[in-house]
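Here's the structure we're looking at; comments come further down.
Heads up: numbering here begins at 1 and tracks the sequence. Values below: every heavy atom of this structure, side chains too, minus hydrogens, waters and symmetry copies.
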Amino acid sequence: MTEIYEALQQGLEIRKNLIELKKLLKEEGALDAYLSMTEDDALIAGFLKDEDAKVRKNAANVLGLVKSQESLDQIWEAYVAETQLFVKSAYLAAMQKLDCRAYERQIKKRYEELLAYEPQEEEKKHIQEEVQQMRRLVAKFDGVLRHKFTGYYKPQDFILTTLKHYQDTTCVQVETGEAKVIPMGVQVTGGIVREVSAIRTYRELLFNLYCDRRPPMQPEEAAQILLGSNLLELLEEMHEGNGPYAFRLEIKGPMTLEEKSGFAKKLATELELRTQHFLVNDTGNYEIEIRLIQDKNGNFFPCLKLFTILKNRFSYRKYTTATSMHPTLAALLVELSSNWLADHAHVLDAFCGTGTLLIERLYALPVRAAFGTDTYGEAIFGARANTAAAHMNINYIQRNFLEFTHGYLFDEIWADMPLRGKKTREEQDAFYLAFFKRAWKLLKDGGRVFIYCNEIGLVKKYIRLLGTFRLKQEFCIREKDGFYLFILEQRALQDEQ
């Protein structure tokens, strides 16, 4: 860094060295090194007047990274004087790191001018970047606008996304409106959002966008078709207050990441400009997501996800780890097992993690007592916090299930089996053998084990070899990865195996 800074002092390869300095400043501890090496930021700020536009842009980037409050006046002056559109957003991005209250009036005035400006085709990209950066500056003064969802009891058409092959499990739980199975999940016509919010087995709720035809890969035409749909009507009739609405685009399909990114940027610009900024593209503080799912013809099936709907289904989930089970999967496993659950049971989760599967089991049917074991202390801490948030009573013990003992036996044992990871095949085999033996000892006669894993061969092997359990039912949950749910029932034996 010292060599780069000295080269800048000598005026050597300014653009190249500013770029290198910018890269270095993103590394941990680099800012402290820079501050200890320099008395002020006058050198870098001086490059804001360089004749090379890219030098000006990189100088602004550096001043933002070092949070150069002393350079605020120079950055604003450079922004006002800038003639190259592609540079302007860099000044605004730098100012977002600074205290800009002294320029609040000028910033808001310029923002209004930008919103009223109709850019030429060749200007759209850079003007939109400037608008987005200016919007973030304005948000520093006024905060981010949030809309209140009011459409909980208004009949609407929406899709509840589910795991493949288990759409019926969710479909039969829909009480209001017409529900039918589709490849994505369940299509609900005339459904009530408040009612389906109580269903725990679907992943997402997506509102149908009805277009004259499916939007194509051409951004201008796609924007026109989307804005001719019920998109804006849905937003206005289901929320309190007026626009703007901050949105993001989610593109699903076989396109490359570069193709998706390029298409999304152009489409987002068209949507914002054509709605006169009623829709504003903000990938950091969005309230809505316009999702486009590409079909086999290259066109898109459009739908809308609202982040304004209060998320109460799994509000207990305060802590998670990298291996935590998704709550909708946990709810599905419990729902599929519903015919085998015991009333007022003593329940044990062998590898409880942060408690999601056990908590979902208790939502389904009351229990007499519930226990969870895990060797990972952080997970046990998270499980206790999550359980408290769910207002439930579960006893968590930091202990290896294979060594766990208890004063009474259990009606149910649940097990989201640990993945093999770095264990050898032989080690995993021995682990499953030990699990089956410990589970048999901890169960009452006729007790049941609910196993979720991707080791179908080992489960079937020890059912056959040990003879301690009968396989009552099995479900293929994720065919691609080989994950199954097995429901086993203990067999009473005269001798321990």
Using only atom types and a distance under 3.5 Å, with no angle test, would you say the side chain of [X] pairs donor to acceptor with the backbone of [Y]?
| X | Y | answer |
| --- | --- | --- |
| S261 | L257 | no |
| D157 | G190 | yes |
| D481 | F483 | no |
| T373 | A350 | yes |
| E259 | T256 | yes |
| K460 | E455 | no |
| Y319 | A385 | no |
| D374 | I380 | no |
| Q96 | Q133 | yes |
| N386 | K318 | yes |

Less than 4.5 Å apart, any side-chain heavy atom of [X] and any of [Y]?
| X | Y | value |
| --- | --- | --- |
| L232 | F278 | yes |
| T468 | Q490 | no |
| F158 | V193 | yes |
| L273 | H277 | yes |

Determine the minimum heavy-atom distance between [X] and [Y], stating which atoms define it.
| X | Y | value |
| --- | --- | --- |
| A345 | R361 | CB-NH2, 4.1 Å |
| A330 | E360 | CB-CG, 3.8 Å |
| E412 | W340 | OE2-O, 4.5 Å |
| T356 | P327 | CG2-CA, 3.7 Å |
| S324 | T354 | OG-OG1, 3.1 Å |
| L231 | L226 | CB-O, 4.0 Å |

Please check if atom [atom1] in [X] has more than 12 non-hydrogen atoms from other residues, nucleotides or ligands closer than 6.0 Å.
| X | atom1 | value |
| --- | --- | --- |
| N242 | CG | no |
| Y210 | OH | yes |
| E175 | CD | no |
| N297 | CG | yes |
| K22 | NZ | yes |
| Q276 | CD | no |
| K265 | NZ | no |

Steps toward side-chain contact (heavy atoms from CB on, under 4.5 Å) verdict (L235, I288): CA-CA 9 Å; L235 294 178; I288 69 173; 3.8 Å; yes
Candidate list L292, L206, I225, test side-chain contact (heavy atoms from CB on, under 4.5 Å), partner P302, passing option: L292
NZ or CZ of R313 within 45° of Y202 ring axis and under 6.0 Å: yes
Test: R194 cationic atom under 6.0 Å from Y152 six-membered ring centre, within 45° of axis: yes
K305 vs E204, salt bridge (Lys or Arg N to Asp or Glu O under 4.0 Å): CA-CA, chis, key distance, verdict: CA-CA 8 Å; K305 182 174 181 178; E204 295 179 292; 2.6 Å; yes
Parallel, tilted or perpendicular, as decided by the 30° and 60° cut-offs, for the rings of F404 and F410: tilted
Does the distance from a Lys or Arg side-chain N to an Asp or Glu carboxylate O, for [X] and [Y], drop under 4.0 Å?
| X | Y | answer |
| --- | --- | --- |
| E221 | R213 | yes |
| K180 | E178 | no |
| K252 | E250 | yes |
| D411 | R448 | no |
| R135 | E272 | yes |
| D429 | K461 | yes |
| K164 | E479 | no |

Verdict with supporting geometry, K260 and E258, salt bridge (Lys or Arg N to Asp or Glu O under 4.0 Å): CA-CA 5 Å; K260 288 180 182 179; E258 184 178 358; over 6 Å; no
Centroid-centroid under 6.0 Å between [X] and [Y] rings:
| X | Y | answer |
| --- | --- | --- |
| Y462 | Y432 | no |
| F450 | F486 | no |
| Y408 | H406 | yes |
| F475 | Y452 | no |
| H391 | Y316 | no |

Residue pair L227, L271: steps toward the side-chain contact (heavy atoms from CB on, under 4.5 Å) verdict: CA-CA 8 Å; L227 295 178; L271 289 172; 3.9 Å; yes
Distance only, no hydrogens: is a donor on one side chain within 3.5 Å (strictly under) of an acceptor on the other, for [X] and [Y]?
| X | Y | answer |
| --- | --- | --- |
| Q173 | T201 | yes |
| Q187 | N208 | yes |
| E240 | H147 | no |

Working for side-chain contact (heavy atoms from CB on, under 4.5 Å), residues Y166 and L336: CA-CA 9 Å; Y166 293 103; L336 294 174; 3.9 Å; yes
F371, F436, F351, F431 screened by ring pair (Phe, Tyr, Trp, His ring centres under 6.0 Å) with F401, the one that passes: F351
Candidate pair K140 and M95, rule side-chain contact (heavy atoms from CB on, under 4.5 Å), full reasoning: CA-CA 11 Å; K140 286 169 66 76; M95 291 178 67; over 6 Å; no
